[in-house]
K.L.:
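Before we start, here is the structure in question, set down as structure tokens.
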Protein chains: 2
Amino acid sequence: MSLRAVAREAGVSPAAPYHHFKDKNELLEAIAEQGWDLLGDMLAKARIESGSNYGPLALVGVTYVRFAREHPALYRVMYDRSRDREALPDRQHGHNGAYDRVRTALVQAGLDPTDLVGLELAAVAAWSAAHGLAEMACFKQFQPLKDQLGGEEAFLRGVFEHMGIFAEGPKR
Amino acid sequence: MSLRAVAREAGVSPAAPYHHFKDKNELLEAIAEQGWDLLGDMLAKARIESGSNYGPLALVGVTYVRFAREHPALYRVMYDRSRDREALPDRQHGHNGAYDRVRTALVQAGLDPTDLVGLELAAVAAWSAAHGLAEMACFKQFQPLKDQLGGEEAFLRGVFEHMGIFAEGPKR
DNA sequence: GCGGCGATCTTGACGCCGTAAAGTATCTTG
DNA sequence: CAAGATACTTTACGGCGTCAAGATCGCCGC
């Protein structure tokens, strides 16, 4: 993606974007921020969803991965910016704190809220698993397995079932 | 990273690399391939390592993440190429099949070798977790937690303990 | 009503990039 | 030693991110 191409598509000169963003990176940051907000909203919506047959954590996991799979380019921009700044988005930076949301879901899933270290480790585990699966799910070599299981959703759920924290109920 | 910069560093003209690689991408593919071979060797070495206090799967997980942390640029090249071709490296493409290695370790860890679907799901889960953690572990916000646990290795181990398949012994 | 001003855009330029074509030097081999 | 392969250079093209210098236009206070 080139800034000049964006300007062309918008029907303006190549230098026009510089009156709205300091440079290309700042444009991408703005896009990423909107993306995190959108993902945060989807996670919030997923958590109050009724009739789900997932455990509360698996639900946010599947929602996270589905978001990444439905907006692959956006998700890439989002995560690449995080990697550049070496930090996950939190409320301090203006977005709605998807990371906090994971911790909340973990407490709801039965983790001890007073065990701060355990909670943090579980949050990292959950986010790692979701992000990792989001990146793995796009590989073609899993298509047969997805077909065999009856679709991508079942595949995601099957994978999450192999990860302790996503299993039904409080941690072993 | 620019091809011209590589040529400059090697003391040759900008066009010289084109006599060894079709284009920039092919150079990166070659680098990635060497990377996967190196990682495969490290995983093999880790598995025969004596005196380890990890479960067999956690050992390969920690080794995988440590490799990614020690060679972040290389790991990025490796994974980015995989994402482009939408496939993990396997023996068919000439390298030593890191993916097969994970499946082998899973069987050694006690999974039923005849349950092909379960084995495949577990392999995806393990690889997702390792890749996800490799990408998360670089975030600065976890530094306090790492310090509190006594180093990055303990941090990694703590996270893996929260993921079912990495826990000691056969799956729950 | 009008002068100025800020916002928004254009033009043109700079240096860097990936890549291609054509030419040159060096090394190998019959 | 001739001939061809190998490794490299030079030159060039178009695209990129970015910047400085204007141009245009709508709005506000006088």
Side-chain angles (χ1 to χ4, degrees), chain A residues 1-39 68 70-89 92-95 131 134-135 138-140, chain B residues 1-39 68 70-89 92-95 131 134-135 138-140:
Chain A
M1 172 262 201
S2 92
L3 202 49
R4 291 176 106 108
V6 171
R8 257 190 321 264
E9 208 156 323
V12 294
S13 77
Y18 285 86
H19 294 268
H20 305 272
F21 303 93
K22 195 177 121 284
D23 55 17
K24 182 182 181 179
N25 190 61
E26 209 170 73
L27 204 208
L28 292 174
E29 297 260 21
I31 291 172
E33 194 172 317
Q34 280 187 235
W36 288 114
D37 283 346
L38 182 57
L39 173 56
E70 283 167 4
H71 314 283
L74 175 58
Y75 182 71
R76 190 93 90 91
V77 170
M78 288 158 60
Y79 204 88
D80 283 354
R81 298 304 113 186
S82 288
R83 197 163 26 204
D84 285 355
R85 70 162 93 235
E86 296 180 24
L88 257 2
Q92 290 182 331
H93 287 84
H95 10 65
H131 169 69
E135 297 227 65
C138 68
F139 292 144
K140 282 178 190 154
Chain B
M1 176 263 203
S2 90
L3 201 49
R4 290 176 104 108
V6 171
R8 252 184 332 258
E9 208 156 322
V12 294
S13 78
Y18 286 85
H19 292 265
H20 305 271
F21 303 94
K22 196 178 120 284
D23 55 16
K24 181 181 181 179
N25 191 61
E26 209 173 73
L27 204 207
L28 292 174
E29 297 259 21
I31 292 171
E33 195 173 317
Q34 281 189 233
W36 286 115
D37 281 346
L38 182 58
L39 173 55
E70 283 167 4
H71 314 282
L74 175 58
Y75 183 71
R76 190 93 90 89
V77 170
M78 289 159 59
Y79 204 87
D80 283 354
R81 297 304 114 184
S82 288
R83 195 160 30 204
D84 285 355
R85 69 163 92 234
E86 296 181 23
L88 257 2
Q92 288 182 332
H93 287 83
H95 9 65
H131 170 70
E135 297 229 67
C138 69
F139 292 145
K140 284 180 189 151

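To find a chain, count down the sequence lines: A is the first, B the second, and so on, and within it residues start at 1.
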K.L.:
Rounded to whole angstroms, how far apart are CZ on Phe21(B) and P on dC8(D)?
P.N.:
11 Å

K.L.:
For the pair made of OH in Tyr18(A) and P in dC9(C), what is the distance, rounded to whole Å?
P.N.:
15 Å

K.L.:
Are the side chains of His131(B) and Tyr75(B) in touch, meaning some heavy atoms are under 4.5 Å apart?
P.N.:
yes

K.L.:
With nearest nucleotides of DNA chain D determined for His19(A) and Arg4(A) from heavy-atom distances, which residue corresponds to the more 5′ nucleotide?
P.N.:
Arg4(A)

K.L.:
Is there side-chain contact between Arg81(A) and Asp84(A), with heavy atoms separated by less than 4.5 Å?
P.N.:
yes

K.L.:
With the side chain of Ala16(B) defined as its heavy atoms from C-beta on, choose the nearest nucleotide among dT9(D), dG17(D), dT19(C).
P.N.:
dT9(D)

K.L.:
Measure CG/Leu3(B) against C1'/dC16(C) and give the value in whole Å, please.
P.N.:
13 Å

K.L.:
Taking side chain as C-beta onward, heavy atoms only, is Glu9(A) less than 4.5 Å from Val6(A)?
P.N.:
no

K.L.:
In whole angstroms, how far is the P atom of dC9(C) from the CZ atom of Arg8(A)?
P.N.:
17 Å

K.L.:
Distance check needed: dA20(C) C1' versus Asp23(B) CG, whole Å only.
P.N.:
12 Å

K.L.:
With a 4.0 Å limit, can you tell me whether His20(B) has a side-chain N or O closer than that to the phosphate oxygens OP1/OP2 of dC8(D)?
P.N.:
yes

K.L.:
Can you find a heavy atom in the side chain of Leu38(A) that is under 4.5 Å from one in the side chain of Met78(A)?
P.N.:
no

K.L.:
What is the nucleic acid contact for Ser13(B), judged by heavy atoms within less than 4.0 Å: base, sugar-phosphate only, or nothing?
P.N.:
base

